Asker: 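This is the structure, below, for whatever I ask next.
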Amino acid sequence: YRLNIMGLNISKKFQDQLAKAQEFMIQQGELNFQRQTLMQAEMFRKQAAIGVARAQDTALWFGSFTLVVAASATVAYFKTRNKGLFGALIPTSFVTCYWIDLGYYDKMKRISSTAEDLLREHKAVGLPGGAINYNDIEAIRLRKR
């Protein structure tokens with residue numbers, strides 16, 4: 001049987017096919033959104049891993065530098081009996097300990113925990129309106145039509 005929609009004669013079968021195609025497009029849009037969200041989460045994980053690897057590399061570099069400074073200060077002390085040369089170990093040891101803590105211990109967990117506390121206590125730190133989902137994006141897209 002035929003329907004007359006806006007001057008067009010459309011069969012019921014064609015209308016059903018059109019509805020199925022629209023439903024399929026909506027499902028594909030949702031699937032693409034989920035894939036993109038997962039891809040962004042995976043990219044964030046990889047960037048975080050690169051950050052930790054960088055911290056570990058920097059910790060090794062500063063640790064080597066601190067050992068060289070300590071060895072040099074020890075040799076210089078035995079030659080000159082000047083204890084002031086060990087003063088250079090204070091700032092270098094603090095920097096080395098910071099990078100070791102960041103790369104090998106739980107400094108990243110403490111930073112993440114603090115960030116989660118901030119988000120939980122202060123809504124202004126989070127995204128306004130909360131996280132975006134598929135329905136929000138669809139509503140924005142439809143409004144722009």
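Keep in mind that what you see is a predicted model, and the values were worked out from it rather than measured.
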Asker: Taking the side chain as every heavy atom from C-beta outward, state whether Ile111 and Lys107 have any pair of such atoms under 4.5 Å apart.
Answerer: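 Yes, side chains in contact.
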Asker: Measure from NZ or CZ of Arg35 to the centre of the six-membered ring of Phe33 and say whether it is under 6.0 Å with the direction within 45° of the ring axis.
Answerer: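 Judged by the rule, Arg35 and Phe33 form no cation-pi pair.
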Asker: Work out which heavy atom in Ile26 is nearest to a heavy atom in Tyr134; give both atom names and the distance.
Answerer: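 That would be O-OH, 3.6 Å.
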Asker: Say whether, by atom type as modelled, one donor and one acceptor occur between the side chain of Ser113 and the main chain of Lys109 under 3.5 angstrom.
Answerer: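 Not confirmed, Ser113 side chain does not pair with Lys109 backbone.
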Asker: Nearest heavy-atom pair of Ala59 and Tyr104: which atoms, and what distance?
Answerer: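 Looking at all heavy atoms of both residues, the shortest contact is CB-CE1, 4.1 Å.
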Asker: Working to the nearest 0.5 angstrom, can you tell me the gap between Leu67 CG and Ser72 OG?
Answerer: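 One gets 10.5 Å once the value is rounded to the nearest 0.5 Å.
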Asker: Write down the atom of Val69, the atom of Ala88, and the distance for their closest heavy-atom approach.
Answerer: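 Closest pair (atom of Val69, atom of Ala88, distance): CG1-CB, 3.9 Å.
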Asker: Taking the side chain as C-beta and beyond, is there a heavy-atom pair between Phe86 and Thr74 under 4.5 Å?
Answerer: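 Yes, their side chains come closer than 4.5 Å.
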Asker: About how many Å separate CD of Gln22 and CE of Met25, when rounded to the nearest 0.5 Å?
Answerer: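 Reported value, rounded in 0.5 Å steps: 7.5 Å.
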Asker: So, are Glu42 and Arg45 salt-bridged, with charged N and O less than 4.0 Å apart?
Answerer: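 Yes, charged N to carboxylate O under 4.0 Å.
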Asker: Flag the pair Thr58 / Leu102 as yes when at least one side-chain heavy-atom distance between them is below 4.5 Å, and no otherwise.
Answerer: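 Side chain of Thr58 against side chain of Leu102, heavy atoms only: no contact under 4.5 Å found.
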Asker: Does CZ belonging to Arg110 count more than 12 external heavy atoms closer than 6.0 Å?
Answerer: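 Correct, the count exceeds 12.
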Asker: Taking atom CZ of Phe94 and atom SG of Cys97, what is their separation to the nearest 0.5 Å?
Answerer: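 Rounded to the nearest 0.5 Å, the CZ-SG separation comes to 7.5 Å.
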Asker: Tell me the closest heavy-atom pair linking Leu89 and Thr66, and the distance in Å.
Answerer: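 Residues Leu89 and Thr66, closest heavy atoms: CD2-O, 3.8 Å.
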Asker: Please state whether the rings of Phe62 and Phe65 are parallel, tilted or perpendicular, taking 30° and 60° as the class boundaries.
Answerer: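 Aromatic pair Phe62/Phe65 classed perpendicular.
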Asker: Which atoms form the tightest heavy-atom contact between Leu85 and Ala76, and what is the distance?
Answerer: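 Heavy atoms of Leu85 and Ala76 come nearest at CD1-CB, 3.1 Å.
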Asker: Measuring from Asn133:CG to Gln34:CD, what's the distance to the nearest 0.5 Å?
Answerer: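 Rounded to the nearest 0.5 Å, the CG-CD separation comes out at 11.0 Å.
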Asker: Tell me whether Ile137 shares a hydrophobic cluster with Leu31, the cluster being built from Ile, Leu, Val, Met, Phe, Trp, Tyr side chains joined at under 4.5 Å.
Answerer: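 Result: no, two separate clusters.
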Asker: I'd like to know whether CE of Met43 has more than 12 heavy-atom contacts from other residues, nucleotides or ligands below 6.0 angstrom.
Answerer: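 Count not over threshold, so no.
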Asker: If you measure from CD on Glu116 to CD on Glu121, what distance do you get to the nearest 0.5 Å?
Answerer: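 The CD atom of Glu121 is 11.5 Å from CD of Glu116, to the nearest 0.5 Å.
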Asker: Are Leu60 and Met108 connected into the same hydrophobic cluster when the rule is that any two of I, L, V, M, F, W, Y join if their side-chain heavy atoms are below 4.5 Å apart?
Answerer: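 Met108 and Leu60: separate clusters.
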Asker: For residues Thr96 and Thr92, report the shortest heavy-atom separation together with the two atoms involved.
Answerer: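 Looking at all heavy atoms of both residues, the shortest contact is OG1-O, 2.7 Å.
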